[in-house]
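This report concerns only the one structure given below.
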Amino acid sequence: MTELAKADQETFLTDEQIDFFNQFGYVIVDFGFPEETLDELVSTLHPYYNPEHLSAPAFGARIQDAWKFVKQSHTLATHKNVLISLQQLFGRQALPFQTLNFPVGTQQLTHSDTIHFNSMPSGFMAGVWVALEDVDENNGPLEYFPGTHLLSEVTMKDARLEPGYQNYPDYERYIADYVAKLGIPASYGLMPKGHALIWHANLLHGGSRQNDHKRTRHSQVTHYFFEGCQYYTPMHSTDGHIAFRHPEWIDPDNWVMRPPVPVPEPVAEPVMEPVPEPVMDPVPEPAPVPVPVAEASTAETDLLTKVARLKNWLGRKLK
Ligand SMILES: O=C(O)CCC(=O)C(=O)O
C-alpha cells in the first residue's frame, strides 16, 4: 500500500489537536522526525545557501525545492505522520508540491498563503513548517494571528491593487494596516527542534524580527494542496482570468535525485558576522523575486531562480 493510501486510513492527531486547528488555524505537532534526518538536512543544504545571508540575515536566503536533490527534505515533506494529519484536518488526501528551506529568520511581513496559492473550492492548501533547530524569541520565530483563517480571504482586488508581484509590497502594507485594525495579538512559534507548525492557507503569518543576528534558524516549510481541486495563483489572477497551476506533486513513494540548479561557491561553516544595528528591512530594492509563477515549467522555474539570484546579487552590489 502506498504512503498516500495509508494516510487515508490512519489517525495521528488527537481530537484536541484537530479542534485547536479548527479554532485557531494552526497547530504545533511533534511528528517524530528522527534527529539525524534534521541534522543531515541542515548539513547537506548548508553549502547551497548564498553566504551573503551570514552578514545580512533578513536578506532572502532560501532554497526552493530542495526535496529534488536532498533526500531528507523529501522525507520531511512526505512523512507519513504529516500526510495522515493533513488528511485528518482537511478530509482530503494531502498533495505536497513545494519545499522552501531557510538558514535564518526570514522577517517576512505578514501575509496569508491564499495570496500565493489557492484552490477551487477554496482553502484546500496548508503549510507545514518544521524547526530544524530550537527556535526562541531571539532567532526569528514564526509570527501568526490565531483565528484569522476564519476571516474572508484578502485578494489583490480587496486591497485595490492590480494583480502581479510588482504590487506585493503594497499588498504587505495593506495587510499590515488590516492586522493593526483587527487588534488581534500576535503569537510566536517558540518551538523545540523537530516540532512542526501546520498552518491553514488563510492564517495571517510571517517571520518575526531576528533579535540575535549571530543565530541561525534553520527551517523547512512544505506547501500542500489537497486532492480533487483546481489550483491557481491568486496573485496573478483577476475575476476574468484565473492563473491555474499544474503543480509537480512530490511523490511520497518515489524519490529520484535530481541535480540542483547551479549554486554559489560552497562555504565551509557558518561564520555569523555581527550586525551592528538590528536591520528589519535592509534590502528595499529589488525585492527577492517571489516564487509562485502560474503554469511555470521546471525549466522556467529554474530560470526564474537564476534571475532571482542575479537580481539579489545586483541589489547588494548597488546598495
Ligand atoms: O519562516 C518564516 O520566517 C516565515 C515563513 C512564511 O511566512 C512562509 O513561508 O509563508
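Along the sequence shown, residues are numbered consecutively beginning with 1. Remember, it's 1-based here, ligands and their atoms both numbered in the order they're listed.
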Problem - Ion pair check, Lys181 and Asp177, cut-off under 4.0 Å - result: yes
Problem - Tyr224 (side chain) donor-acceptor with Phe124 (main chain) under 3.5 angstrom - result: no
Handout entry: Taking atom 5 (C) of ligand 1 as the reference point, the nearest protein heavy atom with its distance
Key = Gln108 NE2, 3.6 Å
Handout entry: Where ligand 1 meets Asp113 - atom numbers and elements under 4.0 angstrom, heavy-atom basis
Key = 10 (O)
Exercise for the section: Compute the minimum heavy-atom distance from Leu100 to ligand 1 and say whether it is under 4.0 Å. Expected result: no
Practice task
May I ask you to decide if Val27's main-chain N or O and Gln17's side chain share a donor-acceptor pair within less than 3.5 Å?
Solution key: no
Problem - Test item: Gln210 side-chain N/O and Arg215 main-chain N/O as donor-acceptor pair under 3.5 Å - result: yes
Fill in the blank from the handout: For atom 2 (C) of ligand 1, the closest protein heavy atom turns out to be Thr106 OG1, 3.1 Å
Exercise for the section: Indicate, as side chain, backbone, both or neither, the part of Phe117 found under 4.0 angstrom from ligand 1 when only non-hydrogen atoms are considered. Expected result: neither
Handout entry: Ligand-side contact atoms (ligand 1) for residue partner Gly207, heavy atom cut-off under 4.0 Å
Key = 3 (O), 4 (C)
Handout entry: Backbone N/O of Pro103 and side chain of His46: donor-acceptor pair under 3.5 Å
Key = no
Practice task
Please determine if Gln107 has a nitrogen or oxygen closer than 3.5 Å to a nitrogen or oxygen of ligand 1.
Solution key: no
Problem - Close approach, Glu143 and ligand 1, non-hydrogen under 4.0 angstrom - result: no
Fill in the blank from the handout: If we number the atoms of ligand 1 from 1 as shown, the ones under 4.0 Å from a heavy atom of Trp129 are 1 (O), 2 (C)
Problem - Part of His111 within contact of ligand 1 (heavy atoms, under 4.0 Å) - result: side chain
Practice task
Give a yes or no on whether the backbone of Ala243 and the side-chain of Ser237 come within a donor-acceptor separation of less than 3.5 Å.
Solution key: yes
Problem - Thr11 OG1 to Gln87 CD distance, which is reported to the nearest 0.5 Å - result: 11.0 Å
Exercise for the section: Indicate the atoms forming the closest heavy-atom contact of Lys193 with Leu38, along with that distance. Expected result: CG-CD1, 3.9 Å
Practice task
Compute the minimum heavy-atom distance from Arg217 to ligand 1 and say whether it is under 4.0 Å.
Solution key: yes
